[in-house]
2 protein chains.
Amino acid sequence: MTPRADPLTVEVVGLIGTVVARYYEEYEQAATEHSLTGAQARVLSLLSVEPLPMRKIAQRLKCEPSNITGIVDRLESRGLVERRPDPADRRVKLAAPTEEGASLAQALRTSLDFAREPLGRLTAAERTLLKELLQKMLGVAPE
Amino acid sequence: MTPRADPLTVEVVGLIGTVVARYYEEYEQAATEHSLTGAQARVLSLLSVEPLPMRKIAQRLKCEPSNITGIVDRLESRGLVERRPDPADRRVKLAAPTEEGASLAQALRTSLDFAREPLGRLTAAERTLLKELLQKMLGVAPE
DNA sequence: TATTGTTATACTCTATAACTATA
DNA sequence: TATAGTTATAGAGTATAACAATA
(Lines give C-alpha, C1' and ligand atoms only; values in the text may rest on other atoms or scores of the structure.)
Protein backbone atom coordinates (compact mmCIF):
# COMPACT_ATOMS: atom_id res chain seq x y z
CA MET A 1 0.00 0.00 0.00
CA THR A 2 2.84 2.38 -0.75
CA PRO A 3 1.69 5.47 -2.61
CA ARG A 4 2.55 5.12 -6.27
CA ALA A 5 2.03 7.69 -8.93
CA ASP A 6 -0.04 10.24 -7.08
CA PRO A 7 1.15 13.74 -8.01
CA LEU A 8 1.90 14.77 -4.43
CA THR A 9 4.25 11.85 -3.80
CA VAL A 10 5.94 12.33 -7.16
CA GLU A 11 6.54 15.97 -6.33
CA VAL A 12 7.98 15.20 -2.90
CA VAL A 13 10.23 12.53 -4.40
CA GLY A 14 11.46 15.10 -6.89
CA LEU A 15 12.19 17.58 -4.12
CA ILE A 16 14.11 14.96 -2.17
CA GLY A 17 16.09 14.20 -5.33
CA THR A 18 16.98 17.88 -5.55
CA VAL A 19 18.09 17.93 -1.92
CA VAL A 20 20.23 14.84 -2.49
CA ALA A 21 21.86 16.27 -5.61
CA ARG A 22 22.62 19.59 -3.95
CA TYR A 23 23.96 17.93 -0.81
CA TYR A 24 26.29 15.72 -2.85
CA GLU A 25 27.59 18.59 -4.95
CA GLU A 26 28.36 20.67 -1.90
CA TYR A 27 30.01 17.74 -0.17
CA GLU A 28 32.26 17.05 -3.14
CA GLN A 29 33.06 20.73 -3.48
CA ALA A 30 33.96 21.05 0.21
CA ALA A 31 36.19 17.97 -0.10
CA THR A 32 37.90 19.34 -3.22
CA GLU A 33 38.57 22.66 -1.49
CA HIS A 34 40.55 20.70 1.08
CA SER A 35 42.30 18.65 -1.63
CA LEU A 36 40.40 15.51 -0.70
CA THR A 37 38.25 13.21 -2.82
CA GLY A 38 34.73 12.50 -1.62
CA ALA A 39 35.71 9.04 -0.43
CA GLN A 40 38.74 10.35 1.43
CA ALA A 41 36.62 13.04 3.10
CA ARG A 42 34.05 10.46 4.17
CA VAL A 43 36.70 8.18 5.70
CA LEU A 44 38.45 11.06 7.46
CA SER A 45 35.15 12.34 8.87
CA LEU A 46 34.30 8.85 10.08
CA LEU A 47 37.65 8.45 11.82
CA SER A 48 37.41 11.88 13.42
CA VAL A 49 34.55 10.51 15.50
CA GLU A 50 36.53 7.47 16.62
CA PRO A 51 39.42 5.32 15.31
CA LEU A 52 38.15 2.26 13.46
CA PRO A 53 39.49 -1.07 12.14
CA MET A 54 39.81 -1.16 8.35
CA ARG A 55 36.98 -3.68 8.23
CA LYS A 56 34.59 -1.39 10.06
CA ILE A 57 35.32 1.48 7.70
CA ALA A 58 34.34 -0.69 4.76
CA GLN A 59 31.10 -1.66 6.47
CA ARG A 60 30.23 1.98 7.15
CA LEU A 61 31.00 2.98 3.56
CA LYS A 62 29.30 -0.14 2.23
CA CYS A 63 32.20 -1.12 0.02
CA GLU A 64 34.77 -3.93 -0.10
CA PRO A 65 37.52 -3.89 2.54
CA SER A 66 40.19 -4.04 -0.15
CA ASN A 67 39.20 -0.54 -1.27
CA ILE A 68 39.87 0.92 2.14
CA THR A 69 43.54 -0.02 1.95
CA GLY A 70 44.12 2.43 -0.89
CA ILE A 71 42.05 5.25 0.56
CA VAL A 72 43.79 5.04 3.94
CA ASP A 73 47.15 4.72 2.14
CA ARG A 74 46.54 8.07 0.44
CA LEU A 75 45.35 9.74 3.65
CA GLU A 76 48.35 8.28 5.48
CA SER A 77 50.83 9.46 2.84
CA ARG A 78 49.49 12.98 3.40
CA GLY A 79 49.96 12.64 7.14
CA LEU A 80 46.25 12.89 7.90
CA VAL A 81 45.74 9.37 9.22
CA GLU A 82 47.87 6.71 10.88
CA ARG A 83 47.50 2.96 11.34
CA ARG A 84 47.81 1.71 14.92
CA PRO A 85 48.00 -1.88 16.12
CA ASP A 86 45.04 -3.17 18.10
CA PRO A 87 46.40 -4.50 21.41
CA ALA A 88 43.48 -6.92 21.67
CA ASP A 89 43.90 -8.54 18.23
CA ARG A 90 47.13 -8.41 16.31
CA ARG A 91 45.37 -8.96 12.99
CA VAL A 92 43.53 -5.66 13.33
CA LYS A 93 44.82 -2.24 12.31
CA LEU A 94 43.07 0.78 13.72
CA ALA A 95 42.98 3.81 11.47
CA ALA A 96 43.06 7.06 13.43
CA PRO A 97 43.38 10.71 12.38
CA THR A 98 46.59 12.55 13.22
CA GLU A 99 46.35 15.99 14.79
CA GLU A 100 46.50 17.49 11.31
CA GLY A 101 43.83 15.06 10.11
CA ALA A 102 41.57 15.93 13.02
CA SER A 103 41.79 19.64 12.34
CA LEU A 104 41.17 19.08 8.63
CA ALA A 105 38.08 17.04 9.50
CA GLN A 106 36.94 19.93 11.68
CA ALA A 107 37.50 22.41 8.87
CA LEU A 108 35.55 20.15 6.54
CA ARG A 109 32.61 20.06 8.92
CA THR A 110 32.66 23.83 9.16
CA SER A 111 32.60 24.32 5.41
CA LEU A 112 29.69 21.94 4.99
CA ASP A 113 27.22 24.75 4.90
CA PHE A 114 24.59 22.81 3.11
CA ALA A 115 21.38 22.49 5.02
CA ARG A 116 22.65 25.17 7.34
CA GLU A 117 22.29 27.88 4.74
CA PRO A 118 19.05 26.52 3.26
CA LEU A 119 17.76 25.78 6.75
CA GLY A 120 18.24 29.46 7.50
CA ARG A 121 15.17 30.06 5.40
CA LEU A 122 13.05 28.13 7.90
CA THR A 123 11.88 29.39 11.27
CA ALA A 124 12.67 27.38 14.38
CA ALA A 125 9.10 26.07 14.39
CA GLU A 126 9.43 24.98 10.77
CA ARG A 127 12.74 23.27 11.46
CA THR A 128 11.13 21.36 14.30
CA LEU A 129 8.30 20.33 12.01
CA LEU A 130 10.77 19.23 9.32
CA LYS A 131 12.74 17.25 11.88
CA GLU A 132 9.61 15.40 13.01
CA LEU A 133 8.51 14.63 9.46
CA LEU A 134 11.96 13.31 8.49
CA GLN A 135 12.11 11.20 11.63
CA LYS A 136 8.74 9.69 10.87
CA MET A 137 9.69 9.15 7.26
CA LEU A 138 12.94 7.42 8.20
CA GLY A 139 11.30 5.35 10.90
CA VAL A 140 13.57 6.87 13.54
CA ALA A 141 12.26 6.87 17.08
CA PRO A 142 11.72 10.53 18.03
CA GLU A 143 13.37 9.78 21.41
CA MET B 1 22.79 34.99 10.19
CA THR B 2 22.62 31.35 9.24
CA PRO B 3 21.94 29.10 12.22
CA ARG B 4 25.17 27.50 13.36
CA ALA B 5 25.58 25.01 16.09
CA ASP B 6 22.13 25.04 17.62
CA PRO B 7 21.07 21.47 18.44
CA LEU B 8 17.91 21.59 16.36
CA THR B 9 19.75 22.56 13.17
CA VAL B 10 22.46 19.98 13.81
CA GLU B 11 19.83 17.31 14.21
CA VAL B 12 18.00 18.26 11.03
CA VAL B 13 21.29 18.34 9.11
CA GLY B 14 22.01 14.85 10.41
CA LEU B 15 18.59 13.63 9.28
CA ILE B 16 19.10 15.10 5.83
CA GLY B 17 22.47 13.33 5.68
CA THR B 18 20.70 10.06 6.46
CA VAL B 19 18.15 10.69 3.72
CA VAL B 20 20.94 11.44 1.24
CA ALA B 21 22.91 8.31 2.17
CA ARG B 22 19.86 6.09 1.91
CA TYR B 23 18.76 7.61 -1.39
CA TYR B 24 22.20 7.07 -2.91
CA GLU B 25 22.45 3.49 -1.72
CA GLU B 26 19.08 2.64 -3.16
CA TYR B 27 19.86 4.39 -6.42
CA GLU B 28 23.14 2.48 -6.85
CA GLN B 29 21.43 -0.76 -5.92
CA ALA B 30 18.63 -0.22 -8.41
CA ALA B 31 21.21 0.56 -11.11
CA THR B 32 23.23 -2.55 -10.27
CA GLU B 33 20.13 -4.73 -10.45
CA HIS B 34 19.78 -3.58 -14.04
CA SER B 35 23.51 -4.10 -14.73
CA LEU B 36 24.16 -0.38 -14.94
CA THR B 37 26.61 1.79 -13.06
CA GLY B 38 25.25 4.81 -11.26
CA ALA B 39 26.57 7.17 -13.91
CA GLN B 40 25.09 5.08 -16.72
CA ALA B 41 21.73 4.99 -14.95
CA ARG B 42 21.75 8.76 -14.49
CA VAL B 43 22.54 9.36 -18.18
CA LEU B 44 19.94 6.88 -19.38
CA SER B 45 17.30 8.42 -17.09
CA LEU B 46 18.19 11.86 -18.37
CA LEU B 47 17.88 10.79 -22.00
CA SER B 48 14.58 9.04 -21.36
CA VAL B 49 13.08 12.48 -20.76
CA GLU B 50 14.48 13.88 -24.01
CA PRO B 51 17.42 13.25 -26.34
CA LEU B 52 20.34 15.55 -25.56
CA PRO B 53 23.62 16.69 -27.14
CA MET B 54 26.68 15.20 -25.45
CA ARG B 55 27.59 18.64 -24.15
CA LYS B 56 24.26 19.09 -22.40
CA ILE B 57 24.58 15.73 -20.67
CA ALA B 58 27.90 16.82 -19.20
CA GLN B 59 26.36 20.05 -17.98
CA ARG B 60 23.50 18.20 -16.31
CA LEU B 61 25.86 15.74 -14.63
CA LYS B 62 28.30 18.51 -13.80
CA CYS B 63 31.28 16.69 -15.25
CA GLU B 64 33.64 17.15 -18.20
CA PRO B 65 32.25 16.43 -21.68
CA SER B 66 35.04 13.96 -22.38
CA ASN B 67 33.62 11.64 -19.72
CA ILE B 68 30.29 11.43 -21.48
CA THR B 69 31.87 9.87 -24.54
CA GLY B 70 32.77 6.73 -22.61
CA ILE B 71 29.50 6.47 -20.70
CA VAL B 72 27.44 6.80 -23.88
CA ASP B 73 29.85 4.38 -25.63
CA ARG B 74 29.05 1.72 -23.02
CA LEU B 75 25.31 2.37 -23.17
CA GLU B 76 25.48 2.29 -26.96
CA SER B 77 27.42 -0.98 -27.04
CA ARG B 78 24.62 -2.51 -24.99
CA GLY B 79 22.03 -1.22 -27.43
CA LEU B 80 20.40 1.09 -24.89
CA VAL B 81 21.30 4.39 -26.51
CA GLU B 82 22.08 5.64 -30.00
CA ARG B 83 23.83 8.72 -31.37
CA ARG B 84 21.86 10.71 -33.93
CA PRO B 85 23.06 13.62 -36.03
CA ASP B 86 21.58 17.01 -35.29
CA PRO B 87 20.14 18.35 -38.56
CA ALA B 88 20.70 21.90 -37.38
CA ASP B 89 24.40 21.58 -36.52
CA ARG B 90 26.60 18.87 -37.94
CA ARG B 91 29.03 19.14 -35.03
CA VAL B 92 26.37 18.01 -32.58
CA LYS B 93 25.46 14.42 -31.76
CA LEU B 94 22.19 13.78 -30.02
CA ALA B 95 22.14 10.84 -27.63
CA ALA B 96 18.76 9.15 -27.52
CA PRO B 97 17.51 5.96 -25.85
CA THR B 98 16.58 3.02 -28.07
CA GLU B 99 13.30 1.24 -27.40
CA GLU B 100 15.16 -1.16 -25.14
CA GLY B 101 16.85 1.74 -23.37
CA ALA B 102 13.55 3.50 -22.84
CA SER B 103 11.97 0.45 -21.26
CA LEU B 104 15.02 -0.10 -19.07
CA ALA B 105 14.77 3.51 -17.92
CA GLN B 106 11.13 2.87 -17.12
CA ALA B 107 12.01 -0.25 -15.13
CA LEU B 108 14.66 1.72 -13.27
CA ARG B 109 12.15 4.37 -12.30
CA THR B 110 9.78 1.71 -11.05
CA SER B 111 12.38 0.06 -8.87
CA LEU B 112 13.37 3.36 -7.32
CA ASP B 113 11.20 2.81 -4.34
CA PHE B 114 13.07 5.17 -2.14
CA ALA B 115 10.97 7.99 -0.86
CA ARG B 116 7.93 6.10 -2.03
CA GLU B 117 8.26 3.42 0.63
CA PRO B 118 9.36 5.83 3.39
CA LEU B 119 6.81 8.37 2.26
CA GLY B 120 4.20 5.70 2.83
CA ARG B 121 4.68 6.33 6.53
CA LEU B 122 3.36 9.86 6.11
CA THR B 123 -0.27 10.86 5.72
CA ALA B 124 -1.27 12.98 2.73
CA ALA B 125 -1.41 16.03 4.99
CA GLU B 126 2.11 15.31 6.25
CA ARG B 127 3.41 14.85 2.73
CA THR B 128 1.93 18.21 1.78
CA LEU B 129 3.61 19.80 4.79
CA LEU B 130 6.93 18.16 3.91
CA LYS B 131 6.60 19.37 0.32
CA GLU B 132 6.06 22.94 1.46
CA LEU B 133 8.96 22.85 3.90
CA LEU B 134 11.33 21.44 1.30
CA GLN B 135 10.20 24.03 -1.25
CA LYS B 136 10.83 26.83 1.19
CA MET B 137 14.17 25.32 2.18
CA LEU B 138 15.26 25.00 -1.44
CA GLY B 139 13.99 28.44 -2.35
CA VAL B 140 11.63 26.96 -4.93
CA ALA B 141 8.61 29.01 -5.85
CA PRO B 142 5.55 27.07 -4.59
CA GLU B 143 3.93 27.58 -8.00
C1' DT C 1 39.41 -23.30 9.96
C1' DA C 2 37.98 -18.53 10.09
C1' DT C 3 39.13 -13.70 10.07
C1' DT C 4 41.93 -9.24 9.09
C1' DG C 5 44.24 -6.70 6.09
C1' DT C 6 46.71 -6.70 1.87
C1' DT C 7 47.96 -7.45 -3.00
C1' DA C 8 46.88 -8.15 -7.89
C1' DT C 9 43.72 -7.38 -11.53
C1' DA C 10 40.29 -5.36 -14.38
C1' DC C 11 36.75 -1.99 -15.12
C1' DT C 12 34.59 2.48 -14.55
C1' DC C 13 34.56 7.39 -13.57
C1' DT C 14 37.06 11.62 -13.41
C1' DA C 15 39.80 15.86 -15.03
C1' DT C 16 43.22 17.69 -18.26
C1' DA C 17 45.07 18.47 -22.63
C1' DA C 18 45.40 17.91 -27.50
C1' DC C 19 43.06 16.67 -31.70
C1' DT C 20 39.04 16.75 -35.72
C1' DA C 21 35.30 18.49 -37.90
C1' DT C 22 32.39 21.65 -38.18
C1' DA C 23 30.58 26.62 -37.41
C1' DT D 1 38.43 31.87 -34.19
C1' DA D 2 35.27 29.38 -31.53
C1' DT D 3 32.53 25.24 -30.52
C1' DA D 4 31.13 19.96 -30.31
C1' DG D 5 32.78 15.73 -29.76
C1' DT D 6 36.60 12.69 -29.39
C1' DT D 7 41.04 10.64 -28.06
C1' DA D 8 44.93 9.97 -24.93
C1' DT D 9 46.50 9.90 -20.41
C1' DA D 10 46.81 9.50 -15.51
C1' DG D 11 44.69 9.17 -10.95
C1' DA D 12 41.10 7.41 -8.06
C1' DG D 13 37.22 4.29 -6.64
C1' DT D 14 35.16 -0.24 -7.15
C1' DA D 15 34.53 -5.52 -6.98
C1' DT D 16 36.71 -10.01 -7.22
C1' DA D 17 40.00 -13.37 -6.10
C1' DA D 18 44.07 -15.00 -3.86
C1' DC D 19 47.49 -14.40 -0.18
C1' DA D 20 50.05 -13.82 4.63
C1' DA D 21 49.52 -13.26 9.46
C1' DT D 22 46.85 -14.12 13.30
C1' DA D 23 42.91 -16.06 15.84
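In what follows, chains are A, B, ... by sequence order, proteins preceding strands, each numbered from 1. Hydrogens, waters and symmetry mates play no part in the numbers below; they use all other heavy atoms, side chains included.
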Spacing of A:I68 atom CD1 relative to D:dT16 atom P, expressed in whole Å: 15 Å
Gap between atoms CD and P, on B:E33 and D:dA15 respectively (whole Å): 15 Å
Strand contacts (DNA chain D) in residues 42-61 of chain B, 4.0 angstrom heavy-atom criterion: B:P53, B:M54, B:R55
Salt bridge (charged side-chain N to carboxylate O under 4.0 Å, His left out) pairs, two or more places apart, involving residues 71-80 of chain B: B:D73-B:R83, B:E76-B:R83
Nearest non-hydrogen partners of A:L36 and A:L44, listed with the distance: CD1-CD2, 4.1 Å
Polar side-chain contact A:S66-D:dT16 base: donor and acceptor under 3.5 Å: yes
Separation of D:dT6 P from B:L94 CG (nearest whole Å): 12 Å
d(CG, A:D86; P, C:dG5) in whole Å: 9 Å
All pairs passing side chain to side chain donor-acceptor pair (under 3.5 Å) where residues 45-61 of chain B contributes a residue, at least two apart: B:S48-B:R109
Between P of D:dT14 and CD of B:E25, the distance in whole Å: 13 Å
Expected rows: protein N/O vs nucleotides 18-23 of chain D N/O, under 3.5 Å:
from, atom 1, to, atom 2, distance (Å)
D:dA23, OP1, A:R90, N, 3.0

Contacts of A:Q29 that satisfy side-chain hydrogen bond (donor to acceptor under 3.5 Å, both in side chains) - sequence neighbours left out: A:E33
Would you give me the side-chain donor-acceptor pairs under 3.5 Å for residues 88-95 of chain B, sequence neighbours excluded?
from, atom 1, to, atom 2, distance (Å)
B:D89, OD1, B:R91, N, 2.9
B:D89, OD1, B:R91, NE, 3.2
B:D89, OD2, B:R91, NH2, 3.0

C:dT6 OP1/OP2 closer than 4.0 Å to side-chain N/O of A:K93: yes
Donor-acceptor under 3.5 Å (A:T98 side chain, A:G79 main chain): yes
Nearest-Å distance for atom pair CD/P, residues A:E64 and C:dT12: 17 Å
Spacing of B:R42 atom CZ and B:L108 atom CG [to the nearest 0.5 Å]: 10.5 Å
Distance-minimising heavy-atom pair for A:R127 and B:V12: O-CG2, 3.7 Å
Atom pair distance, as rounded to whole Å: CG in A:N67 and P in C:dT4: 16 Å
Over all atoms of both residues, closest heavy-atom pair of A:P118 and B:M137: CB-O, 3.4 Å
Distance, rounded to the nearest Å, where A:L75 contributes CG and D:dA12 contributes P: 11 Å
